[in-house]
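We're numbering straight along the sequence, starting at 1. The structure displayed is predicted, hence computed values, not measured ones. Quick note: numbers below take in every heavy atom, side chains included, and nothing from hydrogens, waters or symmetry partners.
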Amino acid sequence: MHYSLFTALVVLAPVTFALPATPVADANLPGSTANVAGLDAVAKQAGKLYLGTATDNNELSNPQYTAILNAPQMFGQITAENSMKWDATEPQQGVFTFTQGDQIANLATSHGKLLRGHNCVWHQQLPSWVTAGNFNAQQLTAIVQNHCSTLVSHYKGKMIIMSWDVVNEPLNDDGSFRQDVFFNTLGTSYIATALRAAKAADPNAKVYINDFNIEGTGAKATAMKNLVRTLKSQGVPIDGIGLQSHFIVGQVPTTLVQNMQEFTALGVEVAITELDIRMTLPETAALLQQQKQDFQTVISACRQVQGCVGVTLWDFTDKFSFVPSTFPGQGAATPWDQNLVKKPAFDGVVAGFQ
């Protein structure tokens, strides 16, 4: 990132100020050519509720980043990437901290954006008092109820909160239930407990189960559909399924539309909640072109299914993507590059909504 400079004389002393400049693309790679008011604008024109992005607290000190994040019509929804998770909100039993989550929520509110709560119950980013507490079933049930209720209640009515990822990643890829402290102690009952507690805390919020590798048809997607059927048969509130959509360039599932339709036929909505499409580095023109097509394919699938309410990017820039640290040797997964320059993938998102 480079900056434009200007100087001014104040009492004969030169003072230099740095202002954000327009990012410059890598001349050796193709860039974006789309000319639109913003991605949220084109999503709404396509009949969707939003095009949004995840963000995190440490990113909000970067003025070039926040200029894009807060630009009118670019993003209509925000997800807190980490600051509403269990370790961030209840680090000690019964002691809740909302400072970082509130920063994200207040940013959304001040710019008129929808907020997605993420998340109530997940097997990762748990404090040790949860994982090593050796709680019995009655105790852990009460802990799940209290955590979900307190977290969701805190944000009730304070902003435009549309939905909560109440239960995150409960399934293995083969469709079996993930072995974690919740399942090992409570079986599948923790899922209903969490959903009921969240819905009771904020009846106006949509309550979701969110997972990866359920975007196309297959064993895991079938297991999730069976879970939805079971929950509904038990009278458990379940409003939506989050399709995380962490994809690989050239490997986007071909059954996205069919799968979304099968979920919505069960009486739930769906949302693409964590979209990125990674590649093996280094970037090449060919990979960027395929990535553009892949983003178009995913967005178009949501556009074609009425019950797909919107799309969230898992951060919008490679500068802050989680991919390189999680998948060594891979990256460049988002529509903006490391220098906050729009890539061909940006055009793919636009084309997918048109």
Side-chain angles (χ1 to χ4, degrees), residues 84-86 89-90 93-94 96 116-127 129-131 133-156 161-214 219-244 262-271 273 307 309:
M84 294 183 186
K85 291 174 179 173
W86 201 313
T89 56
E90 194 183 1
Q93 186 172 4
F96 286 83
R116 186 178 194 89
H118 179 82
N119 55 60
C120 297
V121 179
W122 187 32
H123 68 281
Q124 293 188 29
Q125 292 179 238
L126 289 170
W129 72 263
V130 177
T131 57
N134 295 316
F135 299 109
N136 62 34
Q138 183 178 6
Q139 291 169 327
L140 190 57
T141 296
I143 286 167
V144 170
Q145 288 172 327
N146 185 60
H147 180 78
C148 294
S149 177
T150 304
L151 178 61
V152 175
S153 294
H154 177 78
Y155 292 104
K156 178 185 177 182
I161 191 150
M162 177 189 60
S163 55
W164 273 97
D165 294 325
V166 176
V167 178
N168 200 46
E169 301 176 3
L171 298 177
N172 295 312
D173 280 347
D174 64 0
S176 62
F177 285 94
R178 186 181 297 277
Q179 306 288 309
D180 60 18
V181 64
F182 304 110
F183 180 82
N184 293 344
T185 306
L186 300 173
T188 61
S189 70
Y190 82 91
I191 297 173
T193 296
L195 289 166
R196 286 188 170 115
K199 194 67 168 180
D202 187 355
N204 293 323
K206 299 289 183 71
V207 291
Y208 270 65
I209 300 174
N210 188 52
D211 216 326
F212 62 92
N213 288 349
I214 60 167
K220 191 171 184 179
T222 297
M224 185 64 77
K225 291 163 195 168
N226 289 336
L227 177 57
V228 170
R229 291 186 183 96
T230 298
L231 292 169
K232 282 185 166 291
S233 72
Q234 296 172 349
V236 177
I238 174 69
D239 298 309
I241 297 297
L243 311 175
Q244 290 188 12
E262 290 177 1
F263 274 116
T264 59
L266 299 176
V268 294
E269 64 186 35
V270 296
T273 54
V309 298

Gap separating the [atom1] atom of [X] from the [atom2] atom of [Y], nearest 0.5 angstrom:
| X | Y | atom1 | atom2 | answer |
| --- | --- | --- | --- | --- |
| Asn204 | Ser163 | CG | OG | 12.5 Å |
| Asn213 | Asp173 | CG | CG | 4.5 Å |
| Ile238 | Tyr208 | CD1 | OH | 9.0 Å |
| Arg116 | Met84 | CZ | CE | 12.0 Å |
| Ile191 | Leu171 | CD1 | CG | 7.0 Å |

Are the side chains of [X] and [Y] in touch, meaning some heavy atoms are under 4.5 Å apart?
| X | Y | value |
| --- | --- | --- |
| Val181 | His123 | no |
| His154 | Leu151 | no |
| Glu169 | Asn119 | no |
| Asn210 | His118 | yes |
| His147 | Thr89 | yes |
| Arg178 | Phe183 | no |
| Asn168 | Gln244 | yes |
| Phe135 | Val144 | no |

Counting only N and O atoms by type, is there a donor-acceptor contact under 3.5 Å from the side chain of [X] to the main-chain atoms of [Y]?
| X | Y | result |
| --- | --- | --- |
| Ser233 | Thr230 | yes |
| Asn136 | Gln138 | yes |
| Ser176 | Asn172 | no |

Please list all pairs passing the salt bridge (Lys or Arg N to Asp or Glu O under 4.0 Å) test where one or both residues lie in residues 224-244, with sequence neighbours left out.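 Sorted result for residues 224-244: Lys199-Asp239, Lys225-Glu262.
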At their closest point, which heavy atom of [X] faces which heavy atom of [Y], and how far apart are they?
| X | Y | value |
| --- | --- | --- |
| Ile214 | Gly242 | CD1-O, 3.7 Å |
| Pro170 | Asp211 | CD-OD2, 3.2 Å |
| Cys120 | Trp164 | SG-CE3, 3.9 Å |
| Ala198 | Val166 | CB-CG2, 3.6 Å |
| Met224 | Phe263 | CG-CE2, 3.7 Å |
| Lys156 | Pro203 | NZ-CD, 4.3 Å |

Test side chain to side chain contact (heavy atoms under 4.5 Å, CB included) applied to Leu227 and Phe177, step by step: CA-CA 10 Å; Leu227 177 57; Phe177 285 94; 4.2 Å; yes
With sequence neighbours left out, what residues match Asp180 under side chain to side chain donor-acceptor pair (under 3.5 Å)?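 Result, side chain to side chain donor-acceptor pair (under 3.5 Å) vs Asp180: none returned.
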Ile209/Leu231 under side chain to side chain contact (heavy atoms under 4.5 Å, CB included): CA gap, chis, key distance, verdict: CA-CA 11 Å; Ile209 300 174; Leu231 292 169; 3.8 Å; yes
Any residue meeting ring-ring contact (aromatic ring centres under 6.0 Å, His included) with Tyr190, in chain and number order, not counting sequence neighbours: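 If we apply the ring-ring contact (aromatic ring centres under 6.0 Å, His included) test to Tyr190, skipping adjacent residues, the hits are Phe182.
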Could you check whether atom CG of Asn134 has more than 12 heavy atoms from other residues, nucleotides or ligands sitting under 6.0 Å from it?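 12 or below, so no.
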